[in-house]
A.B. asks: 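Quick one: structure below, then a few questions.
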Amino acid sequence: MSSITALMASLPPPSLAETDLARFAAQALGRRSRAELPGLAALFGEETLFGYPPSIGPIMRALCETIVQQGIEPQALDARTVDALLGSTAFLARLEASVSVERQRLRPGTVIGAALRQTLGTRLLVLPGVGRELVLIAPVDLAQVADAHFAVPLGIVLARPAPPEEAEVLRASWAVIEERFGLDGDEARLWEARFVAISRRENHDAEGAAAGLSEIDEAQRLVLWEVLIEHLRDGELPEQHRSGRRGLERRLGELGFARFGAIPPWVEATLTLVESVYRAAGLDPEVMAGRAPAPPEDVARWCGWVDVAAAMRERVKKLPSETIEHLLVRLSEEEAGRVERRADTMPEPLARALASLRDQCLRPRWQRSRWALVGIDPLALARARVASGEDSHAIRKALEALSQEAAKAERKASRPAPRTRTQAPRLDATPDAAPSEDAAPTETTAVPAPTPESTPARSPAPAAAPTADAGGLRPPRFHLPPLPPVPPPRPAPRVRPRTDFPPMPAAPPRTADRSPDKPAEPAATAPRPPMARVPSQRLPSQRLPSQRLPSQRVPTARLSSPATERAAPAAPSAPAPPPRAARPRTGTAAPHLVTPSQGNDFYDASFRELELIERDLLQRGPYAGAAERIQAIAAEADELHAALGPSARSGDREFQSAQRRIEKVQAYLERIRPLLAPRSTLTAEPPPSASGGTGLLARLFGRRR
């Protein structure tokens, strides 16, 4: 390959690489020659495949080098061959040299879902069993590259159906074995083989089946066996002609084994046992060659599969079973070429009808060996399965016994010999310093008795916990140094303040307002008694004008004309307090908090009020009260718009929505302001003349004269 552009053009799409790596590699390399593979390997290692996962390049490079090493022709590559190469040791060694390959261990009892089953692919070996979930029964390592969806098991993946409680026993038993003996080593492999030998058994409920079968006599058991065998034979027919679950319930109901359409649990367990025997029976060579039995009920069933009666089917239905079997033998000999077909003996329509009867009905139902399925007592079969351990209860008991044996074997193997433990000397220790507890102990065979002068003081070592075995002590598995002693509590340090503020100045004396008619009061006055502090209650009337809702504002009275105003006589009152400084009502320095809900309330109330003002201006003309209200609403709109601005500019959606509503109010105000200007006197247009209008409309709608 000369360039990366030409290589990218010839590769399959990236979606195929993510879903099925083996098929992607087979299509990418299947049209190449062996001489092109070294160049492709170098190109995959140097260039980056844009649009593909980053690990696809190293994977394809290692695959090309493995194909060249093993001498495989690229034209012979298919998905199965590439899948075998992806799991080889040589390929994984080359791949680990360029990318990081993670190894994950799948333990027994792991439920295999749809995603894991697709990942394992053809390497998954499913054993016969009974259960709703497919679980692993043997440990296996999984090598995977996350970004390329590449996962290859490094061993045999054994799985079988099992119920949830059995999967839990598998997990618990294997956890004990793995904890005692690890993952690798000869001893670990020995225990793994013993574990798999137990877990791979068929997990039938043989005890439940034996308990139910022991309550009926032998004749009824044989009849039940024949009914279940017939049901399994019906399952071999085409899907549209199978009897199904309802057919089994109907047959068992006729024999009294199913009441009210429900099959007892022990019959279900017996059905699983019969099915295992049926699947284990070999194929009958006579039937596979075309020489099958033809019972009248099977012939009648085959004739009833068509809605419209056919003449040849009706003819075959009227023939005896012996004649049909003899014609089937002749037909098989003619198809094998050993006998010449004759029109008088075997007409063509009859041959086609017999071939249809044989291939669609007789061969599927009678393909299993008949003599291996006749005369078996299901009670003896169930007891034999219990004796051989192919029973769910027996498997659980055997796994629990194996885990207990593994725990005891580990204790016996790890029991130390009676040796004396001494403390290794420390080079950096002083003569009068005691050795630390975390110094490494050494084992010796004989140590002289130390004297009190030469032996430093040492704290007693903690005693080992006794084991369940009779006699002897087992040292702890992991030797950890003791924790250091807890230090004594320290007094809290005194921290001086960083800043010393000067004392507050004395408050100046309060002077009352003097009037020319009132004499001055003396400076020294009696101290005012302290007033009780009343908790502030935020009443609706105590809100600031800008914080009140539009519905709570006092409407402004309309100004009357100066001619009708009358000045009220000034009443004597107390001197007014000094005026308060007005707070800024606009800008970002508003002293109160503005929320989006306030902006939305202002939008609703102001729009209703502006609609009324606009209607009055259009009907009555401009007036002073409208101008004052419009100016007040505009001022409050500017204040709310400025207060909502920082939060709206930061990206808050609620503040942005409220600010856009305030902008709509401002736009409405701009539309109303031209109505406040005094109206100009409009010149009345002259009425149309009666004689005018000579157009089409005048002729159509004109007044008749």
A.B. asks: Are any of the side-chain nitrogens in Arg171 or Glu168 under 4.0 Å away from the carboxylate oxygens of its partner?
C.D. replies: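 Counted as a salt bridge, because a side-chain N and a carboxylate O are separated by less than 4.0 Å.
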A.B. asks: Per the side chain to side chain contact (heavy atoms under 4.5 Å, CB included) rule, which among Asp83, Leu86, Val82, Leu16 passes with Leu21?
C.D. replies: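 When Asp83, Leu86, Val82, Leu16 are each tested with Leu21, the side chain to side chain contact (heavy atoms under 4.5 Å, CB included) holds only for Leu86.
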A.B. asks: Any donor-acceptor pair under 3.5 Å linking the side chain of Ser173 with the backbone of Leu170?
C.D. replies: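 Side chain of Ser173 to backbone of Leu170: no pair is present.
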A.B. asks: May I ask you to check whether over 12 heavy atoms, not counting those of Arg31, lie within 6.0 Å of atom CZ?
C.D. replies: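 No.
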A.B. asks: If only atom types and distance count, is the side chain of Arg160 paired as donor or acceptor with the main-chain N or O of Arg201 below 3.5 Å?
C.D. replies: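 Side chain of Arg160 to backbone of Arg201, a donor-acceptor pair under 3.5 Å: yes, one is there.
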A.B. asks: Can you name the nearest heavy-atom pair linking Ile376 to Leu222, along with the distance?
C.D. replies: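 Heavy-atom minimum between the residues: O-CD2, 3.6 Å.
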A.B. asks: Please verify the inter-ring angle class for Phe181 with Trp191; under 30° counts as parallel, over 60° as perpendicular, anything in between as tilted.
C.D. replies: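 Parallel.
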A.B. asks: Can a side-chain donor-acceptor contact be found between Ser332 and Arg358 if the only test is distance below 3.5 angstrom?
C.D. replies: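 No, no side-chain donor-acceptor contact under 3.5 Å.
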A.B. asks: For a 4.5 angstrom cut-off between non-hydrogen side-chain atoms, does Phe24 reach Ile56?
C.D. replies: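 Side-chain contact under 4.5 Å: yes.
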A.B. asks: Could you walk me through whether Arg301 and Asp234 pass salt bridge (Lys or Arg N to Asp or Glu O under 4.0 Å), step by step?
C.D. replies: CA-CA 11 Å; Arg301 177 185 301 179; Asp234 289 346; 2.8 Å; yes
A.B. asks: So do Val227 and Glu254 actually touch side chain to side chain, heavy atoms under 4.5 Å?
C.D. replies: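 No, side chains not in contact.
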A.B. asks: Do you know which two heavy atoms are closest between Ala26 and Asp78, and how far apart they sit?
C.D. replies: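 For Ala26 and Asp78, the tightest heavy-atom pair comes out as CB-C, 3.9 Å.
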A.B. asks: Give a yes or no on this: more than 12 heavy atoms of other residues, nucleotides or ligands lie within 6.0 Å of atom CZ of Arg338.
C.D. replies: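 Atom CZ in Arg338 is packed in, count exceeds 12.
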A.B. asks: Taking all heavy atoms of Leu362 and all of Pro293, pick out the closest pair and write down the distance.
C.D. replies: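 Between these two residues, the closest heavy atoms are CD2-O, 3.5 Å.
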A.B. asks: Could you check whether any side-chain heavy atom of Val316 comes within less than 4.5 Å of a side-chain heavy atom of Trp302, counting everything from C-beta outward?
C.D. replies: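 The answer is yes, as the side chains (C-beta and beyond) meet within the 4.5 Å cut-off.
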A.B. asks: Salt bridge between Asp377 and Arg221, side-chain N to carboxylate O under 4.0 Å?
C.D. replies: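 The answer is yes: the pair qualifies as a salt bridge.
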A.B. asks: Do you see a donor-acceptor pair shorter than 3.5 Å between the side chains of Ser10 and Arg32?
C.D. replies: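 On atom types as modelled, these side chains qualify, holding a pair under 3.5 Å.
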A.B. asks: Please indicate whether Arg396 has more than 12 foreign heavy atoms, meaning atoms of other residues, nucleotides or ligands, lying under 6.0 Å from its CZ.
C.D. replies: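 More than 12 within 6.0 Å, yes.
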A.B. asks: Considering only NZ, NE, NH1 and NH2 on the basic side and carboxylate oxygens on the acidic side, decide whether Arg251 and Glu230 come within less than 4.0 Å.
C.D. replies: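 No, this pair does not count.
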A.B. asks: Counting only heavy atoms not in Arg383, do more than 12 sit closer than 6.0 Å to its CZ atom?
C.D. replies: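 Atom CZ in Arg383 is not crowded, with 12 or fewer foreign heavy atoms closer than 6.0 Å.
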A.B. asks: Looking at Glu96 and Arg103, is any side-chain nitrogen of the basic one under 4.0 Å from a carboxylate oxygen of the acidic one?
C.D. replies: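 Yes, Arg103 and Glu96 are salt-bridged.
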A.B. asks: Distance only, no hydrogens: is a donor on one side chain within 3.5 Å (strictly under) of an acceptor on the other, for Ser98 and Arg61?
C.D. replies: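 The criterion, which ignores hydrogens and geometry beyond distance, is not satisfied for Arg61 and Ser98.
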A.B. asks: Are the charged groups of Asp186 and Arg189 less than 4.0 angstrom apart, N to O?
C.D. replies: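 Yes.
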A.B. asks: Contact between Trp366 and Asp284 at the side-chain level, heavy atoms closer than 4.5 Å - yes or no?
C.D. replies: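 Not touching, per the 4.5 Å side-chain cut-off.
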A.B. asks: For a 4.5 angstrom cut-off between non-hydrogen side-chain atoms, does Leu232 reach Arg368?
C.D. replies: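 No - every pair of side-chain heavy atoms lies 4.5 Å or more apart.
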A.B. asks: Flag the pair Pro128 / Arg279 as yes when at least one side-chain heavy-atom distance between them is below 4.5 Å, and no otherwise.
C.D. replies: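 Counting from C-beta outward, Pro128 and Arg279 never come under 4.5 Å.
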